S.K.: 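Before anything else, here's the structure in question.
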Amino acid sequence: MKIDLHEIKIRDLCAGYEDLSVNEEGITGYGGRLNIRPKYQREFVYDVPKRNAVMDTVWNGFPLNVMYWVKVWDADGSSAKTAGEPPAPQYELLDGQQRTISICSFIAGEYMMVFDGKLSAWDNLTPAEQDRILDYKLQVYICEGTDEEKLKWFMTINIAGEKLTPQEIRNAIYSGSWVTQAKRRFSKTGCVAYRIGSDFMSGTPIRQDYLETTIKWIADKQNLSIVEYMAKHQHDTDADEIWQYYQDVIHWTEKLFGRKYKKEMKGVEWGLLYNKHKDTALTATAIGEQMAKLMADSDVQKKSGIFAYIFDHDIRHLGIRTFDANTRREIYERQNGICPICGKHFEIEQMEADHITPWVEGGRTIASNCQMLCRDCNRRKSSK
């Protein structure tokens, strides 16, 4: 992995700045050699105060946080200016997108700033004032290496500015036609994945949460990691497989569980449940009856775990309410510190509260259903 620090003037960064985002294309600068917002990247998310703070920093000559570019090359060498010359290196901006767009869009005349108490657009500045901005030097780390090297490095460094999510980093490393197609469905504000699945998904599409979650689910189905799945499909011409899978998961979830319990349903690992249980013979009616009973049970502390419990009946999903300290002390004193199973005396710290009648058999988490057992006896009982 090769990583070099460069000083790049704003005048060079903004040369050839072009914003084609309205046409679903990227944003370019640095003489057309820097892809400021590749199609796989997140949208511009800076609000006005943050955008203005960038230009205030530049105007006052204060240092901005470093940025990160990735060196890439034209596959056909078409970036060479003259026949016979080696192609000029091309770059993609991995971190620093918001700061870069804030700077370039001001110079392009897209908004105004207050400098030294005066509201000015770029064209209102004197040549000396423009040079003050254009000669500002940005600190840019330019890196090149294998996909694995870049992924490992960007996963471990503390990236400055608006931090990239792990999925945004993976998108950068495995950019290609597959990421572009997947992003159209999973990574836009109000995208189709959001429209059909927002009741079941957590996070936001624009920060790649929907895409990351779905890749995790389909990769699990194929016994792959997220990285392995993306590497395998990086150069696919479409993302139809993952899109069809996502629709199947959402339709299966809605068919069995409906959308009644939206608060509890959001963020459940639906794809993992689908992978394991899609062929389980359960009806929506039977599930509905169980759901209503469990949702009303005050001993069930983790309501979102009910959906997994429906399939495997593992009570660990439910976070069953435990006996509080006052109840444990009350029962300990009533038993005189004697474990009712082995008949030995223990300090309270050596004992554990146990349901006499288990919760799965209708026992409640109340004092009359509590006994204090020594740890060994409680573990032996729990293992039966």
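Quantities reported herein were computed from a predicted structural model and do not represent experimental measurements.
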S.K.: Donor-acceptor check, side chain of Gln301 to backbone of Ser298, threshold 3.5 angstrom: yes or no?
M.R.: yes
S.K.: Is the positively charged end of Arg33 above the ring of Tyr91, judged by distance under 6.0 angstrom from the centroid and angle within 45° of the axis?
M.R.: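 Not flagged: Arg33 not positioned over aromatic ring of Tyr91.
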S.K.: Counting distance only, does the side-chain N/O of Arg170 pair as donor-acceptor with the main-chain N or O of Ile226 below 3.5 Å?
M.R.: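 Not at all, since once roles are kept as given, no pair shorter than 3.5 Å links the two residues.
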S.K.: Which side-chain N or O atoms in residues 278-291 pair as donor and acceptor under 3.5 Å with protein atoms at least two apart or in another chain?
M.R.:
{"from": "Thr280", "atom 1": "OG1", "to": "His277", "atom 2": "O", "distance (Å)": "3.2"}
{"from": "Thr283", "atom 1": "OG1", "to": "Ala286", "atom 2": "N", "distance (Å)": "3.1"}

S.K.: Please check if the number of heavy atoms outside Arg11 that lie under 6.0 Å from its CZ is greater than 12.
M.R.: yes
S.K.: Who clusters with Ile348? Use side-chain heavy atoms, under 4.5 angstrom, across I, L, V, M, F, W and Y, and order the result by chain and number.
M.R.: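 Besides Ile348, the hydrophobic cluster comprises Ile331, Tyr332, Phe346, Met351, Met372, listed by chain and residue number.
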S.K.: For Trp243, enumerate each residue passing the ring-ring contact (aromatic ring centres under 6.0 Å, His included) test, keeping only those at least two apart in sequence or located in another chain.
M.R.: Phe186, Tyr246
S.K.: Is it true that the side chains of Asn35 and Thr28 contain a donor and an acceptor less than 3.5 Å apart?
M.R.: no
S.K.: Can a donor-acceptor pair be found between the side chains of Gln167 and Asn171 at a distance below 3.5 Å?
M.R.: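 Checked: Gln167/Asn171 side chains pair up, N/O donor to acceptor below 3.5 Å.
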S.K.: In the hydrophobic cluster built from side-chain contacts under 4.5 Å, what are the other members alongside Met112?
M.R.: Val114, Leu119
S.K.: Is a donor on one side and an acceptor on the other found under 3.5 Å between the side chain of Lys221 and the backbone of Asn275?
M.R.: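 No; zero donor-acceptor contacts below 3.5 Å.
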S.K.: In the hydrophobic clustering that connects Ile, Leu, Val, Met, Phe, Trp and Tyr at side-chain heavy-atom distances below 4.5 Å, which members other than Ile356 occupy its cluster, ordered by chain and number?
M.R.: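 Direct or chained contacts put Ile356 with none.
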S.K.: For the pair Arg132 (side chain) and Trp59 (backbone), establish whether a donor and an acceptor sit closer than 3.5 Å, ignoring hydrogens and angles.
M.R.: yes
S.K.: So which pairs with a foot in residues 278-297 pass ring-ring contact (aromatic ring centres under 6.0 Å, His included), sequence neighbours left out?
M.R.: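 Listed by first then second residue: nothing to list.
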S.K.: Are His355 and Phe323 near enough that their ring centres are under 6.0 Å apart?
M.R.: yes
S.K.: Between the main-chain N or O of Met295 and the side-chain N or O of Lys303, is there a donor-acceptor pair closer than 3.5 Å?
M.R.: yes
S.K.: How long is the straight-line distance from SG of Cys374 back to NE2 of His345, given to the nearest 0.5 Å?
M.R.: 12.5 Å
S.K.: Does the salt bridge (Lys or Arg N to Asp or Glu O under 4.0 Å) test come out yes or no for Arg207 and Glu212, once each step is laid out?
M.R.: CA-CA 9 Å; Arg207 295 311 302 271; Glu212 179 180 43; over 6 Å; no
